[in-house]
**Q** 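Here it is, the structure, as structure tokens.
As the structure lists them, so they are numbered: ligands from 1, and atoms in each ligand from 1.
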Amino acid sequence: MPTLHDLEILARQAGVILRAGYGQRHTIDSKSHAIDLVTETDRQAEAFLLDAIQRHWPGDSILAEESGTHDGDGGQWIVDPLDGTVNFAHGVPIFSVSIAYAEHGTVRLGVVYDPMRDECFAAERGRGAFLNGHPLRVSATENLAQALLVTGFPYDVWHNPDNNLDNFARFAVRSHGVRRLGSAALDLCYVAAGRFDGYWEIRLKPWDVAAGGLIAAEAGAKVTNLQGGDDYLSPPQSILAANAVLHAQMLAVLQGED
Ligand code: IPD
Ligand code: CA
Ligand code: CA
């Protein structure tokens, strides 16, 4: 099994690739929808991570955003080589590398690295969450009216009426504000760091939230799906993270009870 330090090294190395590609001209392709983008930097960072994982942990399986599933008998790596591609492609310096390691379906290790700020968020299940080695704790804000929230919108937002805009409007008039940062992995880490008080989103993929979800939980967040259940990785995916008191208030709003 890899160590948390192994994941940190890999994330920092992939971060070097992202930093080198940042601000350069890109070939930008669309994937499932017109606004679901991929650049050659996404592919380069993923190719680097796949190669390194397969060389050092040849028995493990890998789920990676750009290349899908790579089978193996050991643990599972869940990799988003560039979370925040739309920001990256537009020259907005808010994006990250996200790497999680799971055993028997339980995420054990998670690292999210922001190469533009040199911020490495990391957690091992049961051992707390850290930013560049310093312990993290979620905010103690217990009143939604004083909370700063963050969310995002699915790539089919143009066409699917179930697009989270209604929730955005409801929280915007009940809180200090709702931000849209553009990297789900960083959104969760910012909750872990107490920068945001709460985060929710719908229809994400495991690579967006596997590492960040563990980091938020290890920093003291309650992390569930929008029904309040434990599974925020499997479809139909949704996620809500905040301290327990705020989590209950946010769940009530999301379920239309407030
Ligand atoms: C996206 C980001 C964004 C979220 C999107 C994700 P990508 O990941 O995490 O914040 O709102 O839905 O797909 O495509 O940049 O890796
Ligand atoms: Ca992503
Ligand atoms: Ca990505």
**Q** So which heavy atom in the protein is nearest atom 4 (C) of ligand 1, and how far is it from that ligand atom?
**A**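 Here the closest protein heavy atom is Glu201 OE2, 3.2 Å.
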**Q** Check each of Val245, Val253, Leu251 against Gln249 using the side chain to side chain contact (heavy atoms under 4.5 Å, CB included) test, and report the only one that passes.
**A**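 For Gln249, the side chain to side chain contact (heavy atoms under 4.5 Å, CB included) check succeeds only for Val245.
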**Q** Examine the side chains of Asn164 and Thr151 and answer whether a donor and an acceptor come within less than 3.5 Å of each other.
**A**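 A pair is found: one side chain offers a donor N or O, the other an acceptor, under 3.5 Å apart.
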**Q** Could you tell me which atoms of ligand 1, counted from 1 in the order shown, lie closer than 4.0 angstrom to a heavy atom of Leu204?
**A**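 Those qualifying, in numeric order: 4 (C), 5 (C), 6 (C), 12 (O).
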**Q** Closer than 3.0 Å to the Ca ion (ligand 3): does that hold for any N, O or S atom in Val38?
**A**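 No.
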**Q** Do Thr85 and Asp42 have side-chain N/O donor and acceptor atoms under 3.5 Å apart?
**A**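 Yes.
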**Q** Taking salt bridge (Lys or Arg N to Asp or Glu O under 4.0 Å) as the criterion, tell me which of Lys31, Arg43, Lys205 meets it with Glu66.
**A**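 Passing option: Lys31.
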**Q** Determine, for Arg170 against Asp166, whether the closest basic-nitrogen to carboxylate-oxygen distance falls under 4.0 angstrom.
**A**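 Judged by the 4.0 Å cut-off on N to carboxylate O distance, Arg170 and Asp166 do not form a salt bridge.
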**Q** Can you name the one residue among Glu201, Gln227, Met250 that meets side chain to side chain contact (heavy atoms under 4.5 Å, CB included) with Leu240?
**A**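 Checked Glu201, Gln227, Met250 against Leu240; only one passes side chain to side chain contact (heavy atoms under 4.5 Å, CB included): Met250.
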**Q** Which atom, counting only N, O or S, brings Asp208 closest to the Ca ion (ligand 2)?
**A**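 Distance check against the Ca ion (ligand 2) picks out OD1 in Asp208.
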**Q** With heavy-atom distances below 4.0 Å as the criterion, list the atoms of ligand 1 near Asp80.
**A**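 The atoms of ligand 1 under 4.0 Å from a heavy atom of Asp80 are 16 (O).
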**Q** Applying a 4.0 Å heavy-atom criterion (strictly less than), which segment of Thr85 is in contact with ligand 1: side chain, backbone, both, or neither?
**A**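 Both backbone and side chain.
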**Q** Closer than 3.0 Å to the Ca ion (ligand 3), do we get an N, O or S atom from Asp80, backbone or side chain?
**A**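 For Asp80, the answer is yes, given that an N, O or S atom comes within less than 3.0 Å of the Ca ion (ligand 3).
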**Q** In terms of atom number and element, which parts of ligand 1 are under 4.0 angstrom from non-hydrogen atoms of Phe153?
**A**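 Going through ligand 1 atom by atom, the ones under 4.0 Å from Phe153 are 11 (O), 12 (O).
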**Q** Between Asp118 and Arg12, is there a side-chain heavy-atom distance shorter than 4.5 Å?
**A**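 Sidechains of Asp118 and Arg12: in contact.
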**Q** Report yes if some heavy atom in the side chain of Asp83 is under 4.5 Å from a heavy atom in the side chain of Leu186; otherwise report no.
**A**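 No - every pair of side-chain heavy atoms lies 4.5 Å or more apart.
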**Q** Should one rank Asp42, Leu186, Asp83, Leu82 by closest heavy-atom distance to atom 9 (O) of ligand 1, which comes out on top?
**A**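 Shortest heavy-atom distance from atom 9 (O) of ligand 1: Asp83.
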**Q** Which one holds for Lys205 and ligand 1: side chain close, backbone close, both close, or neither close, with close meaning a heavy atom under 4.0 Å?
**A**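 It is neither part, as no heavy atom is under 4.0 Å.
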**Q** Side chain, backbone, both or neither: which part of Arg180 comes within less than 4.0 Å of ligand 1 when only heavy atoms are counted?
**A**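 It is the side chain that touches ligand 1; the backbone stays farther off.
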**Q** For the backbone of Val107 and the side chain of Arg125, can you confirm whether one donor and one acceptor N or O come within less than 3.5 Å of each other?
**A**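 Checked: pair present.
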**Q** Find out whether Leu109 and Asp6 are in side-chain contact, i.e. whether some heavy atom of one side chain is under 4.5 Å from a heavy atom of the other.
**A**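 No - every pair of side-chain heavy atoms lies 4.5 Å or more apart.
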**Q** Hey, is Arg203 one of the residues with a heavy atom under 4.0 angstrom from ligand 1?
**A**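 It does not; every heavy atom stays at 4.0 Å or beyond.
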**Q** Which ligand 1 atoms, with their elements, are less than 4.0 angstrom from a heavy-atom of Ser183?
**A**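 Within the 4.0 Å cut-off of Ser183, ligand 1 contributes 9 (O), 10 (O).
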**Q** Quick check: do Leu148 and Tyr190 have side-chain heavy atoms less than 4.5 Å from each other?
**A**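 Side chain of Leu148 against side chain of Tyr190, heavy atoms only: no contact under 4.5 Å found.
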**Q** Restricting to N, O or S atoms, which atom of Asp83 is closest to the Ca ion (ligand 2)?
**A**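 The nearest such atom is OD1.
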**Q** Please check this pair: side chain of Glu119 against backbone of Leu131, looking for a donor-acceptor N/O pair closer than 3.5 Å.
**A**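 Flag not set: sc Glu119 to bb Leu131 has no pair under 3.5 Å.
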**Q** If you measure every N/O of Ala184 against every N/O of ligand 1, is any gap under 3.5 Å?
**A**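 Between Ala184 and ligand 1, an N or O pair is found under 3.5 Å apart.
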**Q** Tell me, please, if Glu65 has any N/O/S atom, main chain or side chain, under 3.0 Å from the Ca ion (ligand 2)?
**A**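 So Glu65 does not bind the Ca ion (ligand 2) by this criterion.
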**Q** Mark up the atoms of ligand 1 that fall under 4.0 Å of a heavy atom belonging to Gly182, in ascending order.
**A**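 That gives atoms 2 (C), 3 (C), 10 (O) of ligand 1.
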**Q** Among all protein heavy atoms, pick out the one at the shortest distance from atom 7 (P) of ligand 1; state its residue, atom name and that distance to 0.1 Å.
**A**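 Result for atom 7 (P) of ligand 1: Tyr155 OH, 3.6 Å.
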**Q** With heavy atoms under 4.0 Å as the rule, classify the contact between Ala185 and ligand 1 as side chain, backbone, both or neither.
**A**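 Neither; no heavy atom under 4.0 Å.
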**Q** Within the 4.0 Å heavy-atom shell around Gly84, which atoms of ligand 1 are there?
**A**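 Within the 4.0 Å cut-off of Gly84, ligand 1 contributes 7 (P), 15 (O), 16 (O).
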